[in-house]
Structures are given as structure tokens and as C-alpha cells.
Amino acid sequence: MHNKIFPIAKTFALLKPFINTSKAPVVEFIALQDKDPFKILIATILSSRTNDTTTTKVIQRLFKVVKNISSLETVPHDELEKLIFPVGFYKQKAIQLKKLPLVLKNNFNGIIPDEIDQLIKLPGVGRKTANLVRWAAFGKPAICVDVHVHRICNRWGYVKTKDPEETEMLLREILPRQYWPFINHYLVSLGQTICKPRNPKCKTCPLIDICAKIKVNH
DNA sequence: AAAACGGGGGC
DNA sequence: GCCCCAGTTTT
């Protein structure tokens with residue numbers, strides 16, 4: 001499966017001074033000031049494939065109108081579309097949000113679940129979103145594998161797959177639980193600035209000496 | 001003006 | 001597996 005050693009502590013130590021903690025992902029930022037699972041769920045769904053700046057603007061306006069599950073039912077569909085418009089994919093996301101209260105009532109007694117397998121059944125929620133909600137809203141252990149985490153793990157050579165779920169499962173094995181909440185934050189920061197999809201800036205990478213791709217070949 | 005950019009879902 | 005969804009930000 002995986003025959004490389006992940007120098008976990010060293011990796012995180014090298015990355016730490018490099019992380020801009022004041023610029024936490026929008027969902028974590030929300031969770032910091034308001035642990036309402038509803039708001040975190042909505043913010044997380046809206047943030048998929050959308051930048052944090054845009055998501056923040058949208059949810060600040062949205063939460064003045066939509067404060068809880070029941071108000072999500074009553075808000076007119078076209079008004080909801082207008083409110084979330086800037087995040088993109090707004091038609092699809094509006095449908096998903098309107099569908100949310102019913103799915104919640106039918107399957108989970110109107111309560112937002114905290115398990116991955118349950119969260120995934122909600123409209124607009126895949127594995128990445130489910131893990132992020134589980135962590136941000138409930139403080140439960142979760143590994144949030146987005147495109148950055150997935151790309152970097154593949155680039156390191158710990159896993160070779162197109163399926164982010166496989167990457168998540170691998171990290172579950174090799175990553176001590178204490179690191180789970182941080183792996184996404186750290187690797188997203190690295191992935192946005194250095195370890196980019198194309199033309200990674202390996203010369204200025206803090207992990208240059210332990211990058212598995214360079215150090216190990218097989 | 002064009003390319004880059006964070007997932008999810010239906011088929 | 002393949003395709004669609006749609007805006008903002010950066011180059």
C-alpha cells in the first residue's frame with residue numbers, strides 16, 4: 001500500500017512558521033466565533049469551489065435573512081438565489097439548500113448529524129464538506145482532503161490515486177489523530193503558494209529536504 | 001481578455 | 001468514467 005515513511009512531526013514543524021494563522025479558512029473562521037452547526041454547514045456547502053473572500057461576503061448577508069433551518073424553508077427560492085449568487089453554481093446550491101430541511105427532518109429528526117456517513121447524505125455535502133463540518137461544527141476528529149491535500153499527498157508519492165477518499169483513508173492510517181485538524185490548513189497554505197498544481201516552486205519550499213518525491217524513488 | 005480557481009451530483 | 005454546474009480573482 002504505502003512503503004514510505006511520513007516524517008510527520010518534522011513536516012509540521014517546518015511548515016508552522018510558514019502558515020499565516022490570521023488567514024484561516026472561512027469555515028474555521030466562522031467556527032471560531034459562532035459554533036452554530038447550521039451556520040457552519042451552510043457556509044461549508046457554499047464554500048465548495050469558491051474562494052473564501054466571496055464566501056464570507058455572501059454568508060454575512062445570507063445569515064441576516066436565514067438564521068436557522070426553518071427560515072431556510074420559508075425564504076423564497078429566488079431570493080435565496082440572489083443572496084448566494086456571487087459564490088457561483090448558485091442554481092444548484094440554492095436547490096440543495098432548499099432541500100436541506102426536508103432531508104434533515106426525514107432522516108435525522110431535524111438535527112444536523114456529526115458522522116461522515118450521515119453528513120454525506122445531505123444535499124451539497126460530499127466527503128470534503130462532511131469532514132470539514134464534522135471538525136468545525138462538532139470538534140470531532142476528521143481529515144479534510146481537498147484538492148490541495150490530495151495533490152500534495154500524490155506528489156509526495158504516499159498514494160497514487162484519482163480518488164480523494166483513498167487519500168483520506170491513507171492519512172487516517174499514517175497520521176496521528178492530533179494532527180488531523182491541521183493537515184488541511186497546512187497543506188492548503190503550502191498548495192496555494194508553493195506546491196501548486198503546475199510549476200511548483202520547489203526551490204523555495206520549506207519541505208525541500210524531506211519531500212518524498214525528491215528523496216525517495218521507486 | 002484569458003486563464004486559474006475551493007467540489008458535488010447526475011448519468 | 002464523463003460531463004455539467006458559474007461566479008470571482010489573478011495573470
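Labels below follow one simple rule: chain letters A, B, ... track the order of the sequence lines, proteins then strands, and each chain is numbered from 1.
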**OP:** Select base, sugar-phosphate, or nothing to describe what A:Leu122 touches, counting heavy atoms under 4.0 Å on all strands.
**Re:** sugar-phosphate
Original post:
Across all strands shown, which nucleotide pairs with B:dG6 by Watson-Crick or G-U wobble geometry, both distances under 3.5 Å?
Top reply: none
Subject >> Euclidean distance, atom CZ of residue A:Phe89 to atom C1' of B:dG10 [Å, nearest integer] >> reply: 15 Å
**OP:** For A:Val87, report the nucleic acid contact type (base, sugar-phosphate, nothing); a contact means any heavy atom under 4.0 Å.
**Re:** nothing
Original post:
Base, sugar-phosphate, or nothing for A:Val188, non-hydrogen atoms under 4.0 angstrom?
Top reply: nothing
**OP:** Would you indicate whether A:Phe18, at its atom CZ, is surrounded by more than 12 heavy atoms from other residues, nucleotides or ligands within a distance under 6.0 Å?
**Re:** yes
Original post:
Does A:Arg155 reach the main-chain N or O of A:Pro197 with its side chain, forming a donor-acceptor pair under 3.5 Å?
Top reply: yes
Original post:
Taking the six-membered ring where the residue is Trp, are the ring centres of A:Tyr179 and A:Phe12 under 6.0 Å apart?
Top reply: yes
**OP:** Round to the nearest Å and state the distance from A:Phe85 atom CZ to C:dA6 atom C1'.
**Re:** 8 Å
Subject >> From B:dA4, C:dC5, B:dG6, nucleotide with atom closest to A:Gln92 side chain >> reply: C:dC5
Original post:
Base, sugar-phosphate, or nothing: which does A:Pro123 touch, judged by heavy atoms less than 4.0 Å apart?
Top reply: sugar-phosphate
**OP:** Round to the nearest Å and state the distance from A:Asn131 atom CG to B:dG6 atom C1'.
**Re:** 15 Å
Original post:
How would you label the glycosidic angle of B:dG8: syn (within 90° of 0) or anti?
Top reply: anti
**OP:** Write down the distance between CG (A:Leu46) and C1' (B:dG7), rounded to a whole number of angstrom.
**Re:** 13 Å
**OP:** For A:Asp163 and B:dG8, give me the distance from atom CG to atom C1', rounded to whole Å.
**Re:** 13 Å
Original post:
Between A:Tyr90 and A:Lys196, which is nearer to the 5' end of DNA chain C once each is assigned its nearest nucleotide?
Top reply: A:Tyr90
**OP:** Report yes if a side-chain nitrogen or oxygen of A:Arg49 is closer than 4.0 Å to either non-bridging phosphate oxygen (OP1 or OP2) of C:dA6; otherwise report no.
**Re:** no
Original post:
Can you tell me how far C1' of B:dG9 sits from NZ of A:Lys128, to the nearest Å?
Top reply: 16 Å
Subject >> Value in whole Å for how far the P atom of C:dG7 lies from NZ of A:Lys82 >> reply: 14 Å
Subject >> B:dG8 OP1/OP2 closer than 4.0 Å to side-chain N/O of A:Thr129 >> reply: yes
**OP:** Establish whether A:Ile30 and A:Ile45 are linked, either directly or via other cluster members, by ILVMFWY side-chain heavy-atom contacts under 4.5 Å.
**Re:** yes
Original post:
Quick one: on DNA chain B, does A:Gly124 or A:Ser47 contact a more 5' nucleotide (nearest heavy atom)?
Top reply: A:Ser47
Original post:
Touch check for A:Thr54, heavy atoms < 4.0 angstrom, all strands: base, sugar-phosphate only, or nothing?
Top reply: sugar-phosphate
Original post:
Which nucleotide in the list C:dA6, B:dG8, B:dG6 gets nearest to the side chain of A:Asp146?
Top reply: B:dG6
Original post:
Rounded to the Å, how far apart are A:Ile45 CD1 and C:dG7 P?
Top reply: 20 Å
**OP:** Would you indicate whether the side-chain heavy atoms of A:Arg127 and A:Ile120 approach each other to under 4.5 Å?
**Re:** yes
**OP:** Using heavy atoms to find the nearest nucleotide of DNA chain B for A:Lys99 and A:Arg198 separately, return the residue whose nucleotide is more 5′.
**Re:** A:Arg198
**OP:** Between B:dG9 and C:dT8, how far apart are the C1' atoms? Round to whole Å, please.
**Re:** 23 Å
Original post:
Using a cut-off of 4.0 Å on non-hydrogen atoms, how would the nucleic acid contact of A:Lys91 be classed: base, sugar-phosphate, or nothing?
Top reply: sugar-phosphate
Original post:
Are the side chain of A:Asn184 and the backbone of A:Cys144 linked by a donor-acceptor contact shorter than 3.5 Å?
Top reply: yes
**OP:** Compare the minimum distances between each of B:dG9, C:dA6, C:dT9 and the side chain of A:Gln96, then state the nucleotide with the smallest one.
**Re:** B:dG9
